[in-house]
Amino acid sequence: MVPFFVEESGYCRGIQPNIIRLADALRTAGGTVAWVVPGSDQPHADLTREFFGEEVAEVFRTSGGAGPISERVWAGLSPQAEDLYFEKSSYSAFFPGSSDLPEALRAHGIDTVFITGTVTNICCESSARDAYASGFRVIFIADGTAARRDQDHNAALHNIYRSFGDVRPTDESIALLSA
């Protein structure tokens with residue numbers, strides 16, 4: 001949820017209220033909110049250029065913006081100073097070596113992750129798969145993730161539910177925090 005996606009993609013705006021509510025509920029319950037943005041350091045940039053071409057590869061490389069990570073998260077989500085911030089070098093924030101997120105979560109004693117954001121069937125699904133493979137419980141927020149097409153979104157939700165974690169709407173996920 002960085003300006004590149006939110007400003008250019010109307011489908012992202014509809015999930016913002018749910019992400020904000022979940023983040024606020026996590027903080028209230030004593031949980032940790034972590035924001036992850038795409039990084040410009042891509043270890044396989046040559047493959048990206050080969051597959052997509054120079055112009056599209058450059059768009060991908062710069063999609064996460066520049067500057068401090070906390071300022072690259074879409075401001076409308078109201079990120080807080082106490083939140084954790086990470087940059088990732090692959091679609092998945094949990095792929096080994098992509099970010100420091102898994103180690104930081106473990107250091108905080110966190111074993112369950114709620115996944116929100118965009119694009120459902122690319123970064124979010126990749127992160128859910130790798131989080132599960134890394135030993136985290138995954139709760140994938142159905143109305144807190146978005147894709148360009150409904151069929152892509154729904155296919156990813158099906159994949160997650162069948163093999164990698166739980167899929168729930170925001171309200172049910174918030175209710176879990178007080179259970």
Side-chain angles (χ1 to χ4, degrees), residues 1-2 5-6 11-12 14-39 63-64 69-70 72-147 152-179:
M1 296 296 288
V2 294
F5 286 106
V6 180
Y11 61 87
C12 291
I15 64 172
Q16 287 181 64
N18 294 331
I19 294 172
I20 293 167
R21 286 187 317 113
L22 181 59
D24 288 344
L26 273 166
R27 290 184 198 104
T28 299
T32 302
V33 175
W35 304 99
V36 181
V37 301
S63 67
I69 297 171
S70 62
R72 292 162 46 196
V73 174
W74 180 252
L77 295 173
S78 302
Q80 304 294 309
E82 69 270 13
D83 296 343
L84 303 179
Y85 297 90
F86 300 92
E87 187 176 71
K88 62 182 179 149
S89 63
S90 68
Y91 292 132
S92 168
F94 289 87
F95 186 79
S98 175
S99 78
D100 295 329
L101 176 65
E103 294 79 15
L105 295 178
R106 285 188 182 97
H108 281 84
I110 296 169
D111 64 1
T112 302
V113 295
F114 291 86
I115 295 181
T116 64
T118 193
V119 175
T120 307
N121 56 313
I122 307 292
C123 296
C124 298
E125 182 176 1
S126 295
S127 290
R129 289 169 178 256
D130 289 338
Y132 173 80
S134 298
F136 289 92
R137 289 182 187 90
V138 173
I139 301 174
F140 201 87
I141 311 303
D143 58 356
T145 52
D152 297 336
H153 178 76
N154 291 330
L157 297 179
H158 176 78
N159 290 341
I160 299 303
Y161 185 73
R162 291 278 302 147
S163 301
F164 305 107
D166 198 1
V167 175
R168 292 182 182 257
T170 302
D171 289 339
E172 286 183 18
S173 300
I174 291 172
L176 291 174
L177 295 172
S178 60

Worksheet, complete the sentence: Interatomic distance, CG@L22 vs CD1@I139, rounded to 0.5 Å, equals 9.0 Å
Worksheet item: Given side chains that start at C-beta, do those of L26 and T32 come closer than 4.5 Å, heavy atoms only?
Response: no
Worksheet, complete the sentence: Heavy atoms of S127 and A93 approach each other most closely as OG-N, 2.9 Å
Discussion item. Could you check whether D24 pairs with R21 (Lys NZ or Arg NE/NH1/NH2 to Asp/Glu carboxylate O, under 4.0 Å)?
Written reply: no
Practice prompt. For residues 98-117, pull every pair meeting salt bridge (charged side-chain N to carboxylate O under 4.0 Å, His left out), keeping only residues two or more places apart or in separate chains.
Written response: D111-R137
Worksheet item: Could you state the interatomic distance from CZ (F114) to CD1 (I19), rounded to the nearest 0.5 Å?
Response: 13.5 Å
Practice prompt. Look only at the side chain of H108 and the backbone of G31, and say whether a donor-acceptor pair between them is shorter than 3.5 Å.
Written response: no
Worksheet item: When you look at T120 and E125, which way does the side chain to side chain contact (heavy atoms under 4.5 Å, CB included) test go after all the steps?
Response: CA-CA 6 Å; T120 307; E125 182 176 1; 5.8 Å; no
Worksheet, complete the sentence: dist R129:CZ -> F95:CZ (nearest 0.5 Å) comes out at 13.5 Å
Worksheet item: What closest approach, in Å, do N121 and V119 show between heavy atoms, and which atom pair accounts for it?
Response: OD1-CG1, 3.0 Å
Worksheet item: So do the side chains of T145 and F140 get within less than 4.5 Å of each other, counting heavy atoms only?
Response: yes
Worksheet entry | Over all atoms of both residues, closest heavy-atom pair of S89 and G97 | OG-O, 3.9 Å
Worksheet item: Do other residues, nucleotides or ligands put more than 12 heavy atoms under 6.0 Å from F86 CZ?
Response: yes
Worksheet item: Could you state the interatomic distance from CD1 (I141) to OG (S173), rounded to the nearest 0.5 Å?
Response: 3.0 Å
Worksheet entry | Sidechain-backbone polar pair: D143 side chain, T170 backbone, donor-acceptor under 3.5 Å | yes
Discussion item. Go through it in stages, so that I can follow the logic: the residues are K88 and L101, the test is side chain to side chain contact (heavy atoms under 4.5 Å, CB included), and I'd like the CA-CA distance, side-chain angles, deciding distance and then a yes or no.
Written reply: CA-CA 9 Å; K88 62 182 179 149; L101 176 65; over 6 Å; no
Worksheet item: When rounded to the nearest 0.5 angstrom, what distance separates CG in L77 from CG in D83?
Response: 10.5 Å
Worksheet item: Which heavy-atom pair separates F94 from S134 by the least distance, and what is that distance?
Response: O-OG, 3.9 Å
Response to the item:
Heavy-atom closest pair (Y91 atom, S126 atom, distance to 0.1 Å) is CB-OG, 4.0 Å
Fill in: Min side-chain heavy-atom separation V138-F164 under 4.5 Å
no
Worksheet item: Which heavy-atom pair separates I15 from G117 by the least distance, and what is that distance?
Response: CD1-O, 3.6 Å
Worksheet item: Roughly how far, to the nearest 0.5 Å, is the CG atom of L105 from the OG1 atom of T112?
Response: 10.5 Å
Item to complete: Please examine the side chains of T116 and N18, heavy atoms only from C-beta on, and report whether any two atoms are closer than 4.5 Å.
Response: no
Practice prompt. Would you indicate whether the side-chain heavy atoms of S163 and Y132 approach each other to under 4.5 Å?
Written response: no
Worksheet item: Are the side chains of V33 and E82 in touch, meaning some heavy atoms are under 4.5 Å apart?
Response: no
